[in-house]
Each structure stands twice: as structure tokens, then as C-alpha cells.
2 protein chains.
Amino acid sequence: MGNQKLFKGSLQTIILKLLEENDKMYGYEITQKVKELTRGELNITEGALYPALHKLEAEGLLEVEVAKVGNRLRKYYKLTESGAKETVNKLAEMQEFLKTMQYLVNPKLSLE
Amino acid sequence: MGNQKLFKGSLQTIILKLLEENDKMYGYEITQKVKELTRGELNITEGALYPALHKLEAEGLLEVEVAKVGNRLRKYYKLTESGAKETVNKLAEMQEFLKTMQYLVNPKLSLE
DNA sequence: TTCAAATGCATAAGAAATTTATGTATATAT
DNA sequence: ATATATACATAAATTTCTTATGCATTTGAA
């Protein structure tokens, strides 16, 4: 770890991408999935995740469905129609960013 | 543009990388070089750049040499010894970040 | 059976990095 | 003349995240 700071600004995109793949997920599930996919390199904190989810919901990109599992609450999030569109945009921007950054820090490894 | 926010957290690394390649550069030159290298995609603002340079200097990673060109002031920055070491670390972290992020948003394009 | 760790949500205070807005001054091109 | 480019700088506001805290249920290990 140590480079968590580089992920600043990419949380929304990560959430949207996961929901594009998985139809619906709840908060805690997202943190675990990200930890798993990044082999522990990125640990999303609750203090970052929940406000981000609330913001995406407020913007109309996500919708919530509350479920009760056993005696415990879960809030499942899924993409709205406009959320799906915005996901495409954000992923394209991210792809562009990654390409640009790759070129900046290592022109030799950039295939363009 | 629009995705300027994704560059959040990577400014220090960009500066260090440029100074690794170019020996010495002054602030305005850095902004122009970055604009050129990214084909206008990343425009570093002065409000971000100068405080960043001052911080790197305060941390002992950069040293300054003031020059007078015509009637105008220029502050050339170059890597210190410890700055050169830190650059290697930061670039490795950036490379790791890019790989992880690429895998997250597009597993198919990730070659590992 | 009890107690720590995991699951699951949430918010508030503080920190860090950046944008936006200003300010100052010289040089160049129209 | 006058706008644009060059060249530095800082302050206020904003965004995004970390750290700290709080509450409650479930599971696993001692």
C-alpha cells in the first residue's frame, strides 16, 4: 500500500464499473470485492464509500433497494438508466487518463 | 478534458519524472511541457504547481537555482540526491497503480 | 459461553490536494 | 496601443479522502 492517494478521484468510477458488471451490490460487498480484485492494494474505507454512494444516488445514477437479511439491514445499489450511460463516459475518461499517464511516466511502455 | 480530477494525487510524481528526464526546469516550463506531452489533456494550474514545487523543495527532494533572463525571474528546479531516489519509488508506485486500475476497469486489456 | 472479529450501516472532524481568483511584473506580437 | 504570453506567488473555497466514532447483529474461536 502507501499509494492509496493515487486512487483519489477514481472511487466513483470504480463503484460504477462494479455495478455495471454485477447488477446490484451493497456497500460492504463493494469494499470486499475491491480488496479482492486489487489483492489488498486498495482498501475503500466506509468514510469514503458511503458518502460516495449517497452522492451517486442523489445525482440519480444509482437507485437503492433495502433488503433485510436475517436481522440485518442491507442496501443494494444498482445503476439507473442514466447511471449506465454515465458509467460508459466515466470508463472512457478513465481509459484516456490511464493511457495519458502511462505515456507520461513511461513513454517506452506506451504503445502509441 | 473534464477528467482533470483523475490526475489528483499524481502531480508530484509528474514533476519528479520530468525533472528526472530534463535535469532542470522552471515552473512555467513544466506547465507547458505537460500540456504538450498530454496534447492539452492536462493543464497544471499555477495554484497547484507552485505550492507543489515549494513542498518538494521543503522536503529536500528539489533544489532551486534562481536565474535572471532578460529582466525576468526564473526559478530552476532540479532533483537532489534524495529526490532522485524518491522519484524511483514514486514511479514504481505509479506503475503499480496504473496496472491495478487498468485491471479494475478493463480486465480484458490487462496482460496479467 | 463469552468475547473478538466480521458484517453492515452511518456521520463528523480533520487533512490533503486542487481549483478559482487575485496580484504583480516583463516581453512579445498585432 | 493593447492583448497575449511569460513568470512568479498566495489566499479562499472546494472536493475528496482519512481517521475517529457510533450503533447493532452474526459468526467463530477459545
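Lettering follows sequence order; numbering is per chain, from 1.
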Practice problem: With heavy atoms under 4.0 Å as the rule, sort B/Arg74 into base, sugar-phosphate or nothing. | Solution: sugar-phosphate

Quiz item: Taking the side chain of B/Ala48 as its heavy atoms from C-beta onward, which of C/dG8, D/dT16, C/dT19 lies nearest to it?
Solution: C/dT19

Exercise. Before accepting this row, confirm whether a basic side-chain N of the pair A/Lys33/A/Glu29 lies closer than 4.0 Å to the acidic partner's carboxylate O.
Key: no

Practice problem: Go through the steps for B/Leu91 and A/Asn106 under the test side chain to side chain contact (heavy atoms under 4.5 Å, CB included), then give the verdict. | Solution: CA-CA 9 Å; B/Leu91 286 175; A/Asn106 204 337; over 6 Å; no

Practice problem: Please tell me which of the listed nucleotides, C/dT26, D/dT18, C/dA6, lies nearest to the side chain of A/Gln4? | Solution: D/dT18

Practice problem: Compare the minimum distances between each of D/dA7, C/dA10, C/dT18 and the side chain of A/Tyr77, then state the nucleotide with the smallest one. | Solution: C/dA10

Quiz item: Is any side-chain nitrogen or oxygen of B/Lys5 closer than 4.0 Å to OP1 or OP2 of D/dT16?
Solution: yes

Exercise. Check the distance between C/dG8's C1' and A/Lys35's NZ and give it to me in whole angstrom.
Key: 13 Å

Self-check item: Neighbour count >12 (heavy atoms, 6.0 Å) for atom CD, A/Glu81
Solution: no

Exercise. Could you state the atom-to-atom distance from CG of B/Leu11 to C1' of C/dT19 in whole Å?
Key: 13 Å

Self-check item: Residue met sooner reading DNA chain C from 5', once A/Tyr50 and B/Gly47 are mapped to nucleotides
Solution: A/Tyr50

Quiz prompt | Among D/dA9, C/dT18, C/dG8, the one nearest B/Lys8 by side-chain distance | solution = C/dT18

Quiz item: Roughly how many Å is it from CG in A/Leu53 to C1' in C/dG8, rounded to a whole number?
Solution: 12 Å

Quiz item: Taking 4.0 angstrom as the limit, do A/Lys90 and A/Glu86 come out as a salt bridge?
Solution: yes

Self-check item: Toward the 5' end of DNA chain C, by each residue's nearest nucleotide, B/Gly70 or B/Ile44
Solution: B/Ile44

Self-check item: Rounded distance (Å) that lies between atom P of D/dC23 and atom CZ of A/Arg72
Solution: 17 Å

Quiz item: How close or far is atom C1' of C/dT19 from atom CG of B/Leu42, stated in whole angstroms?
Solution: 13 Å

Self-check item: Residue B/Thr45, side-chain heavy atoms: nucleotide from D/dA9, D/dC17, C/dT19 that is nearest
Solution: C/dT19

Quiz item: Atom CD1 of B/Ile30 and atom P of D/dA9: how far apart are they, to the nearest Å?
Solution: 11 Å

Quiz item: Which part of the nucleic acid does B/Lys55 contact within heavy-atom distance under 4.0 Å: base, sugar-phosphate only, or nothing?
Solution: sugar-phosphate

Quiz prompt | First encountered from the 5' end of DNA chain D, between B/Gln32 and B/His54 | solution = B/Gln32

Quiz prompt | Axial cation check for A/Tyr76 ring with A/Lys24, 6.0 Å and 45° limits | solution = yes

Self-check item: Residue whose nearest DNA chain D nucleotide is more 5′ - A/Ala52 or B/Pro51
Solution: B/Pro51

Quiz item: Rounded to whole angstroms, how far apart are CD on A/Gln12 and P on D/dT16?
Solution: 7 Å

Quiz item: How close or far is atom P of D/dA5 from atom CD of B/Glu46, stated in whole angstroms?
Solution: 13 Å

Quiz item: If you look at every strand shown and take non-hydrogen atoms under 4.0 Å, does A/Glu29 touch a base, only sugar-phosphate, or nothing?
Solution: nothing

Practice problem: Output the single nucleotide from D/dA9, C/dA17, D/dT16 whose closest atom is nearest the side chain of B/Lys75. | Solution: D/dA9

Practice problem: Decide ring pair (Phe, Tyr, Trp, His ring centres under 6.0 Å) for A/Tyr26 and A/Tyr77; before the verdict, give the C-alpha distance in whole Å, the side-chain angles of both, and the deciding distance to 0.1 Å. | Solution: CA-CA 6 Å; A/Tyr26 55 99; A/Tyr77 290 89; 9.8 Å; no

Quiz item: Choosing from C/dG8, D/dT26, C/dA27, which nucleotide comes nearest the side chain of B/Asn71?
Solution: C/dA27

Practice problem: Would you tell me if any nitrogen or oxygen in the side chain of B/Tyr26 comes within less than 4.0 Å of OP1 or OP2 on D/dC8? | Solution: no

